[in-house]
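Chain letters run A, B, ... following the sequence lines, proteins first, then strands; residues in each count from 1.
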Number of protein chains: 2
Amino acid sequence: MTAPISPHQQHSNQQLASLFDDCHCRRLVSNELLSYPQDMDDCVFYLRRGRLRVYLCYGDKLFTLTILQAGDVYSTHTRAFIEALEPSEVNVMDLNNFSQRALAHPLLTGAVTRVLSQTLSGCIDTIENLAFRDVRARLASYLLAQVSQPAEQPLINMQLTTEQTAQLIGTSRQTLSSLLSELQRQGLVQKLSRQQWRLCDCSQLSQMAAL
Amino acid sequence: MTAPISPHQQHSNQQLASLFDDCHCRRLVSNELLSYPQDMDDCVFYLRRGRLRVYLCYGDKLFTLTILQAGDVYSTHTRAFIEALEPSEVNVMDLNNFSQRALAHPLLTGAVTRVLSQTLSGCIDTIENLAFRDVRARLASYLLAQVSQPAEQPLINMQLTTEQTAQLIGTSRQTLSSLLSELQRQGLVQKLSRQQWRLCDCSQLSQMAAL
DNA sequence: GGCCTTTTGTCAGCGGGCTGACAGACATCA
DNA sequence: TGATGTCTGTCAGCCCGCTGACAAAAGGCC
């Protein structure tokens, strides 16, 4: 029932990845755009290395749909910007090209479908979050979703700045900052450094995330 | 740049529809559920007659993703409830079955992809609306999207109750109601009956929708 | 070490939108 | 025709979260 924000996509994408072996590998530096809404040639790509941020823009506001990790497959045909958060490498393939290849390998016909489904599922998570839950709940969700190794008091890596995190959970930098302070005062989390935080009371965080 | 709420899906779905000709036709009465989140068998279906509402639930809150019209093709594998707003008829096909048929007709391989893309696009519209725009802008958008025949002062059919409309644009019944009153006082819209409204100043409504 | 930029914490003020409550309008049916 | 249930309009009260402003802290770079 929990709907973690931007769950890292399950990658049973091993087979998919092989499809990209022989195609153009593009390198991106930090903050470089891979694609933008007006960009009309739809592509499917495989993120070989680095981290990409997929976001919507509206005036001077920005909302991040998801953060892609190495190993993820995604398509550019959503009405979003895709930007490198750090130096990255992607294998890009034109959508038509991709479809034809997939036809040749019938087992892979479902590949595009799978990517789309994952994306869709992520979007619905996002809608649930925005429509039903307040910032506090979304933050708790996010913190719990960052846990990579389960533990009594797990450590997490905050790889984004406060501003970027705010854009991901749909709030302002200030609100997020004061909320994090509050959580520290309550002893639910502990800041070890800018990047490293400890979650001191996961059960209470879960409860906070639940509603 | 406008992102109308729940745009009625373009149906170049004529070919698609023919795929469903020979399969089970299910009749639904008003308020009957076609599927719900726990329902595990994924289906693709064609709405032959009637109107369906696709919505998310969370506690006692409800958010409508889209309203399906006769002629639309959709799939149940989203984490949503699908309910008949009025007596309806759907042709339902198991997803595996559907995929196999699509394989046999290579031209239709993209059918599932297209449906998923449309759905995804609608979800992103919704996210934009929730993340960036206030209730006033969403309402203006919605009103403009209801116009079927362009005119200086077009008439629109509000086929939903205030409550249902509120759930569609993501607000409360009360807020929507008072907002509609305000628009009337400003002379932007005119209520002819519960169902029929006239949009008196589309350009100003567009402006209101823009930001 | 010192300078400059980016990031973070904090506060006051305000407003959008939710809630609960109630009355009026409308529909349906006996 | 009246009785009952549903839908709609409206108001007061409240709180979440946004904005703008400023200071403190942390990082880069020479």
Worksheet item: Where do B:E89 and B:R48 land on the salt bridge (charged side-chain N to carboxylate O under 4.0 Å, His left out) test, with the steps shown first?
Response: CA-CA 5 Å; B:E89 288 173 25; B:R48 190 163 294 284; 5.2 Å; no

Practice prompt. Assess whether side chain to side chain contact (heavy atoms under 4.5 Å, CB included) is satisfied between A:Q167 and A:R53, documenting all intermediate values.
Written response: CA-CA 11 Å; A:Q167 291 162 344; A:R53 175 163 76 144; 2.9 Å; yes

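Nucleotides of DNA chain C nearest to A:K191 and B:T175 differ in position, and the one nearer the 5' end is that of A:K191. Annotation: of the two residues near DNA chain D, B:T161 and A:G170, the 5′-most nearest-nucleotide partner is B:T161.
The side-chain heavy atoms of A:N91 and A:C25, taken from C-beta on, include a pair separated by under 4.5 Å. Looking only at side-chain heavy atoms (C-beta outward), B:S117 and A:L116 come within less than 4.5 Å of each other.
Taking atom CD of B:Q174 as the reference point, atom P of C:dC22 lies 14 Å away to the nearest angstrom. Computed from coordinates, the B:N129 CG to C:dG17 P distance equals 13 Å when rounded to whole Å. Protein atom CG of A:L160 is 10 Å distant from nucleotide atom P of C:dT8, rounded to whole Å. For the pair B:R136 CZ and C:dC18 P, the interatomic distance rounds to 13 Å; values are reported in whole Å. Distance, A:E182 CD to C:dG9 C1': 14 Å, rounded to whole Å. Rounded to whole Å, atom P of C:dG9 lies 12 Å from atom CG of A:L179. Here the C1' atom of nucleotide C:dG9 and the CH2 atom of A:W197 are 11 Å apart, to the nearest Å. Between the CZ atom of B:R173 and the C1' atom of C:dA23 there is a distance of 12 Å, rounded to whole Å.
Aromatic ring centroids of A:F81 and A:Y55 lie under 6.0 Å apart.
A:R133 places a side-chain N or O within 3.5 Å of a backbone atom of A:A209 that can act as its donor or acceptor partner.
With a cutoff of under 4.0 Å to any heavy atom of chain A, the contacted region of DNA chain D is bounded 5' to 3' by D:dG17 to D:dA26.
In this structure, A:S177 reaches the bases: a heavy-atom distance under 4.0 Å links it to at least one base atom across the strands shown.
No more than 12 heavy-atom neighbours from other residues, nucleotides or ligands sit within 6.0 angstrom of CZ on B:R27.
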